[in-house]
Structure formats: structure tokens, C-alpha cells
Amino acid sequence: MAVEFDGGVVIGADSRTTTGAYIANRVTDKLTPVHDRIFCCRSGSAADTQAVADAVAYQLAFHSVELEEPPRVRTAARLFQQSCYRYREELSAGIIVAGWDPRRGGQVYVVPMGGLLLRQPFAVGGSGSSYIYGFLDATFQPGMSRSQCQEFVARALALAMVRDGSSGGVIRLAAITEEGVERTVLAGSDLPWGDGGPPV
Amino acid sequence: MSILACNGGAVLAMRGRGCVAIAADRRFGIQAQTVSTDCQRIFPMGQRLLLGLAGLATDVQSVAQRLKFRLNLYELKEGRQIKPQTFMSMVSNLLYERRFGPYYAEPVIAGLDPVSLEPFICSLDLIGCPMVTQDFVLSGTCSEQMYGMCESLWEPDMEPEHLFETISQAMLNAVDRDAISGMGVVVHVIEKDKITTRTLKARMD
């Protein structure tokens, strides 16, 4: 998931990759940089999303050199959308593009399966997202600070990880601002409810 | 999805010196969704006899209940506690009665002989084929993971405390590699004079 705040974005993801019911990787990094200040959160087929992200990262690097300035987040999102829409029958890819650029600050764009492009104040994706829509709608406030956004993302992901079998592991967070990208990992007792365990 | 993998879950039993231990996870789910984290998979069938079942949750409950019914009648008629080996045959018979429309449950039995206090463990497949081993038995959606853990961790003649640690680690690390098992683990250790039940602190994802 990703959330905008004044000055940047906070993005977060779980770390579980499954083949069937087997957890193939429990420490996956689903937060993929496509440029210095632009990341994407990948969900769906790992192969499909990695391939598309690699292609977009190449296109953005080239574009950025031509432009002689950092690319816009909207451009990165549009590049994702072009690939996801053109190959919509073949791909299984739900992507959230989030980052910071000098023109518009922090922005979150969602490119769900099918290939539509939409900017949102916050976006969620992946199988675990179904379980937290109520929590998100009840808890989200516009104008949250960076640390409030981080707590919001961490709580949301933790709740989804409990309910969804395909989600789990650690919570990877990244805060993207003009200054740079700050990555953190929340594992085990760092989770929002501490050692007591979740309510369920 | 395979019927045995609809709800997820895992059960494991190990033999030690003069004791047995049986453990199960606590997740009840429907495909990927976790519905509750307090599902009972291990059922008492005698003073020193526990039955664990993994598989389709409805059949786990049905088999346990029907078995208890037959066991109660047995104890009334015989006037004594059932031997684990005999109980195994009772389970086998109940499951094979449904050979061509089976219960989707695979049981694991752990107990001590009521008279000699000899430890006993066995498992059966869903149509009642029994298998008695001297080390460990298991069933569930993460069976391959559990086999790997047990083969490396088990050793003969473990005392109850050591057996508890071993079965706990085998269970925890196996279910942590399965998306549809886990959400807590309960472990029972059966010794000649007591049964110790502990709930482990486990990953809740």
C-alpha cells in the first residue's frame, strides 16, 4: 500500500511469496525502485511484475537522461499503465506507483489488473487488501504527517497479514521525500500490537 | 484446490522415553482467509490417549465425534480403557466403512498403554490404512515441511521436557513455511501420571 503526505509518500508491503500454499520466500522485497524517488509496490504474479518493473525502470532512466531532470511520478505510472493495458490478457499484475517529484510533491497512482490508471490519496492492492478496506476507510484522515502515515500503513498491513494466508512475514516500509528514501523493516515484536498478538 | 487443503492445518506426534507428545496448529481458514485461531484438532479419547486429525474441518469434527461415540460404548461394554492399538483399529474400521466416499480427515494417534504404560503413536490415511512407527507421525497441508523438521530434530529416548522442545520447534518451523497452517500451536505431552498442555507463542500470519 501507499499513502501520500505533504512532502512525500509512505509505501509498505508484506514479505511473503507463495507457490500454491508453500511459502517460497518469507523475506521478499516487494518495494521496487524504478527511479531515485519513484517506487512501485508489486502484487499478483511475481514474474510478471518484475518483468514490467524492469522494463519501466529502463524506460524511465532513458527518459530522465533525455529530459535532463528527474522524471515525474505520473510519467512512471503512465509507463506502467501502457504495459499493463497492452498486455492485459497475458499479465497478472496489480501495481501501485508512488514517489516524489519536484513538480507535484508526493503522489500515489494505482494501476490495478486490467490496466487503468488512477491517482489516489492512498492505495492498497494484493490479496490481503480485501480484509482491510473497512479499517482504511474508518481510520484514514487527509493531512496526516509522515509518522502518522507510517503507523497507518503498518497497522493496516499487520491486520491484513493476520487474515490473509498469502500475506505475512515482515513489514517493509519506505518513506520517499525530496531528501531521499528511508527504508525500515518491522518484524515480530515490532508489529503494532507488540508481543500480545493480534486481537483475533 | 484439493479437498484436504481447503481448510489447512497440521498435526504431529512424537515418541519419547516413557512419554508421547502430540501437537497441532490452531488455524481454521477457508482457502486463504483465516476465520479463527482457536480451532481444536486434538481430542481426548482416554485418560492417556489423544487423537489428532488434519484435513477438512467438518470431517475432523465428525470423525472425532463419531469415534468418541463408539469408544464410549466400547468402554461401557468392556469395563476398561481401550488400548491404543485397538483404538487404531477402531479408527481404521470407521474410515474404511466410507471407502468410496471417504471422510477427508487423516488422523494421528498418540497415547500410553493403560496397563503397561508403553508409548504408542500411529497415523492413518483418509481411508483407514494404519501405520505404526517408533519415531514420529504427522499429517496436514505442510506434511513435507514437517517431515524435514522431524527427520532432522528427532532422536530416540527423549525425556518429556526435551520431547516438548523438539516437537514444538518441528511444528513451529514447519507451519511457518505453509500459508494455510499456523496461527498458534498447542502441544500435549502425555506422561504416565499427567498430561501437560501448552499453547506456544507463534507467528500470527
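Chain A is the first sequence line, chain B the second, and so forth, proteins listed ahead of strands; every chain is numbered from 1. Worth saying up front: this structure is predicted, and the values here are computed from it rather than measured.
Within 6.0 Å of CD on B/E144 lie no more than 12 heavy atoms contributed by other residues, nucleotides or ligands. Applying the 6.0 Å contact sphere to CG of A/D6 captures no more than 12 heavy atoms from other residues, nucleotides or ligands. For NZ of A/K30, the number of neighbouring non-hydrogen atoms (other residues, nucleotides, ligands) closer than 6.0 Å is greater than 12. Atom CZ of B/R198 is surrounded by more than 12 heavy atoms from other residues, nucleotides or ligands within 6.0 Å. The environment of CZ in A/F140 is crowded: more than 12 heavy-atom neighbours from other residues, nucleotides or ligands sit within 6.0 Å. The environment of A/R146 atom CZ is dense: over 12 non-hydrogen atoms of other residues, nucleotides or ligands sit within 6.0 angstrom. For A/F135, the CZ atom is densely surrounded, since the number of other residues' heavy atoms within 6.0 Å is greater than 12.
Looking only at side-chain heavy atoms (C-beta outward), A/Y131 and B/Q33 come within less than 4.5 Å of each other.
Using a 4.5 Å cut-off between heavy atoms, A/A160 makes no contact with chain B at all. Proximity to chain A (any heavy atom under 4.5 Å) is restricted, for B/D176, to the backbone atoms N, CA, C and O. Heavy atoms closer than 4.5 Å to chain A are found in the side chain of B/Q145, but not in its backbone. Only the side chain of A/T18 comes within contact range of chain B, judged by heavy atoms closer than 4.5 Å.
Of the listed residues (A/R163, A/R26, A/R16), just one forms a side chain to side chain donor-acceptor pair (under 3.5 Å) with B/D205, and that residue is A/R16.
In this structure, A/A21 and B/D178 approach most closely via the heavy-atom pair O-OD1, 3.2 Å.
Atom OG in A/S166 sits 10.0 Å away from atom CD in B/Q31 (nearest 0.5 Å).
B/R203 places a side-chain N or O within 3.5 Å of a backbone atom of A/G169 that can act as its donor or acceptor partner.
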Trace of the side-chain contact (heavy atoms from CB on, under 4.5 Å) decision for B/M204 with A/L191: CA-CA 11 Å; B/M204 301 295 273; A/L191 290 177; over 6 Å; no
